[in-house]
Amino acid sequence: MTTGTIPSDPILSVERLSVDFQIAGEWTPAVKDVSFSVAKGEVVALVGESGSGKSVSSMSVLGLLAPNARRHDSIRFGGTEMLGLGEEALRAIRGRRIAMIFQEPMTALNPVYTIGEQIIEAIQCHEPVPAAEARARTLELLKKVGIPEPERRIHSYPHQLSGGQRQRAMIAMAISGSPEVIIADEPTTALDVTVQAEILELLRRLREDLGSAVVIITHDMGVVADLADRVVVMRQGEVVEEAPVARLFSEPRHEYTRKLLAAVPRQEPGGHAEPDAATTGAGGGATLRVADLEVEYPGRLGRKGFKAVHGVSFTIGKGRVLGLVGESGSGKSTIGRAMVGLVRASAGTIEICGQDVTSLRPKELRGLRRKYSMVFQDPGSSLNPRLSIGDSIAAPMIVNRYADRRAVHERVLNLLDQVELPTSWADRFPHELSGGQRQRVGIARALALDPELLIADEPTSALDVSVQATVLRLFQELQDRLGFSCLFISHDLGVVELLSHDVAVLQHGRLVESGPARDVLRDPRTEYTRRLIAAAPVPDPVEQAERRRLWRETAR
Amino acid sequence: MRRFLVRRFTQAIVQLLLVGSIVFFLARLIPGDPARAALGEAATEEQVALTRAAMHLDEPFLGQFFGFWVRLLQGDLGTSLISGRAVMQDLPSRLGNSLELVLLALAVSLVAGIALGRVAATRADKPSDHVLVAGSIFGISLPVFVVGTLLLLVFAVLIPILPPRRFASPLDDPVAHLQILVLPVVTLAAASCAVITRMTRAAMLETLNADYVRTARAKGLVEKRVIKRHALRTAMLPVVSMTTVELTTLIGSTVLVETIFGWPGMSSLLMNAVGQRDYPVIQAVVLAAATIVILVNLVGDLVVRALDPRAEDN
């Protein structure tokens, strides 16, 4: 147990908190002996990977855990013991004195009420304010969190707002009672980097304006470096280290913290080793050549369709990795989907190994299909739960009549070995594997037919950082060894820089910049790329402070 | 919203036109001469000719079709071949009696089903939930005629607290009318109440775990309000759309219920007409039933639309 620097007058202090869940009659511990505290005006970050108990700890404060949970020892809030507090007393604190901001505002806001109704409800459940006054206050709150046209937006339903605006509405609701403590559970995880930067900026401003204490739960070391004063690192339900933010990053004491920091993909000088000019075949032997690609999603009868991709062109040479980056809605996934034929290109060509897939007949396409494959984002849902992982990996070989059963089986074992999974696992099922292991299976399946081109759509964004790091390393090794070309779609610039030789930046379906990764990411030519890079927080408080300054300037 | 209303109402009107046309062709699709089929082999040529004239079968085809629509819009559904009375003389009161039964049963099953479903969901896996789930399985699996007959046996014969099959008009004797309503309404409501209970329970179990319900709690709302305003309200969306489907089942079940309880509704009218090949009456009843189903679906869609703001932008 590390007892770090406890502030002199903590407003909220969690002392030796343990939380157990009753599962099938057994008490299973989720949080063990966790202590931390936060003082007025301070930002404390709870950091850890999924399953570390950081969310459970924060939910415990307001008693928001499922009924099968048991908490003990102590959570003290300004002299009040929160554990064992009666329903009515607890209610008086919830929302009014301690407020929460949740991760995914699309599901955390009720879809059938306008944001105005939901904020007004939050105001009125604590004090009997007349409707007109509650409305006026709501307008003020919306203005405060930076929602444009509050008079109009107060009548908007959550689905009518963008992700960033939804999260702003969520924050407006949280600060409606001027809470003394704000607990933010992964408040920016579902958002784009540029939006994330804005939300973090807003949280920082609110802390200054309201003087609230903030507990932020996150897995993103960049967010920690950006916002936190003090950091509590958790692993498997226990606190492993607690330190002021500067010290945590400069001299992490616990081995796990060091591992966590090392796992974050960073934009470092050096980057990816340039492959030999001879093997890249910059001129003739392009594996993928996309020219003037346009994709339009058809509109409803009599309505205009939505054009997701406007005249995009790029090439990937043999053995090269192209990182396709952009915010959500920029069309990067649509391009990947167009390549494998999940959506139709409305204009332009996609040449894979010299053949244009947009004009091939289905039968000809089948022959070509073995030359490229796809790794999907969420390995949890892209593997058939009823197939053993061996069968999943074998599926493309069987469909394409690759070889006889024996050879296929041998190939499966070989592939498992290549992705560093025990060959004895071929009979296991996806639910027996962790997220990282499942994604290894996804990669093995994609490599089954020895493709020349791999399309990877955010393959690691569903994974924890340390898992992501190992999967990325594996991916890089495989790419070096097997020499396939790759279109790597990602929103994470750190990941892209680590893996890609070239980078293409998309905005609103248009290619705004492309070139060698080092040039684009070190010395961006367009304003948009500059903003995108400045918005991504880096896990270094000093460098991040500088970046934030830079971002503020570019955001003007 | 306006686009939706225009589209949905147009859809309903097209459906009504289709139903009307199908009903028109129904009588003409009978092999041979419908008038002859209705009257039987023993009828004389004059009788058949008279009937043909009454059914407008002697006019040219297009004339028949347009005449049918013109008369329909004027509220003329023809004349019964058996009683010689205008169909419109009997149909409204029969239709009213049936609708009374169906709508009351629907109201009862909605109120009871949603309340019971809410209890079951908020006490999931507790004894009261188990009882409700088991009870709803009974409600769903017992056929209407079994429930009806049992209720009749128990409450009218063994413990005679409710009157058996003796219809009293609500105008003549309101109290007796209400008394006689109880058993058929309960019989009819049993199954749909069970379905709605299960639907509400399932939908609420999902919404109770939703993130926005946690948000509502974190705001400091009273638990009762969290359940009612946040969990129950959103759970109503699937329940309402299921209910419109359930209502058509209800209309089907009334045929049995009306027979068991001697209720003078549409079903006895229909059954007599079918038995006696009284085509104008059959046509009228089919038309009325189909119209009700179309209108119910329209109302159901409008309600779902009003409850779910997300539907607007799709």
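So that the names make sense, note that chain A is the first sequence line, chain B the second, and so on, each numbered from 1.
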Answer yes or no: does atom [atom1] of [X] have more than 12 heavy-atom neighbours from other residues, nucleotides or ligands under 6.0 Å?
{"X": "Phe138(B)", "atom1": "CZ", "answer": "no"}
{"X": "Glu26(A)", "atom1": "CD", "answer": "no"}
{"X": "Glu81(A)", "atom1": "CD", "answer": "yes"}

Minimal non-hydrogen separation, [X] against [Y], with atom names:
{"X": "Ala218(B)", "Y": "Met100(A)", "answer": "CB-CB, 4.4 Å"}
{"X": "Pro309(B)", "Y": "His159(A)", "answer": "O-CE1, 3.5 Å"}
{"X": "Glu121(A)", "Y": "Leu221(B)", "answer": "OE2-CD1, 3.3 Å"}

Open item on the list: Please rank Gly95(A), Ala99(A), Ala92(A), Gly177(A) by heavy-atom pairs under 4.5 Å with chain B and give me the top one.
Closed with: Gly95(A)
- [ ] Counting only heavy atoms closer than 4.5 Å, note whether Glu88(A) contacts chain B via side chain, backbone, both or neither.
- [x] neither
- [ ] First locate atom OH of Tyr113(A), then atom OG1 of Thr234(B), and finally report the distance between them rounded to the nearest 0.5 Å.
- [x] 7.5 Å
TODO: Could you pull out all residues at least two apart from Thr215(B) that satisfy side-chain contact (heavy atoms from CB on, under 4.5 Å)?
DONE: Phe102(A), Ala108(A), Met170(A), Met173(A)
- [ ] Mind checking side-chain contact (heavy atoms from CB on, under 4.5 Å) for Ile140(B) and listing every partner two or more places apart, or none if nothing turns up?
- [x] Ala194(B), Val195(B), Arg198(B)
Interchain contact, [X] with chain A, by part (heavy-atom threshold 4.5 Å):
{"X": "Arg217(B)", "answer": "both"}
{"X": "Leu237(B)", "answer": "side chain"}
{"X": "Arg229(B)", "answer": "both"}

Task: Most contacts with chain A, counted as non-hydrogen pairs under 4.5 angstrom, among Glu223(B), Lys219(B), Arg233(B) - done: Lys219(B)
Donor-acceptor pairs under 3.5 Å, side chain of residues 58-70 of chain A to any protein atom, not counting sequence neighbours: which ones?
| unit_1 | atom_1 | unit_2 | atom_2 | d |
| --- | --- | --- | --- | --- |
| Ser58(A) | OG | Ser55(A) | O | 2.8 |
| Ser60(A) | OG | Val56(A) | O | 2.8 |
| Asn68(A) | ND2 | Gln22(A) | O | 3.1 |
| Arg70(A) | NE | Asp20(A) | OD2 | 3.2 |
| Arg70(A) | NH2 | Asp20(A) | OD2 | 2.8 |

Open item on the list: At under 4.5 Å between heavy atoms, what parts of residues 199-213 of chain B are in contact with chain A? List them by residue number.
Closed with: Asp211(B), Tyr212(B)
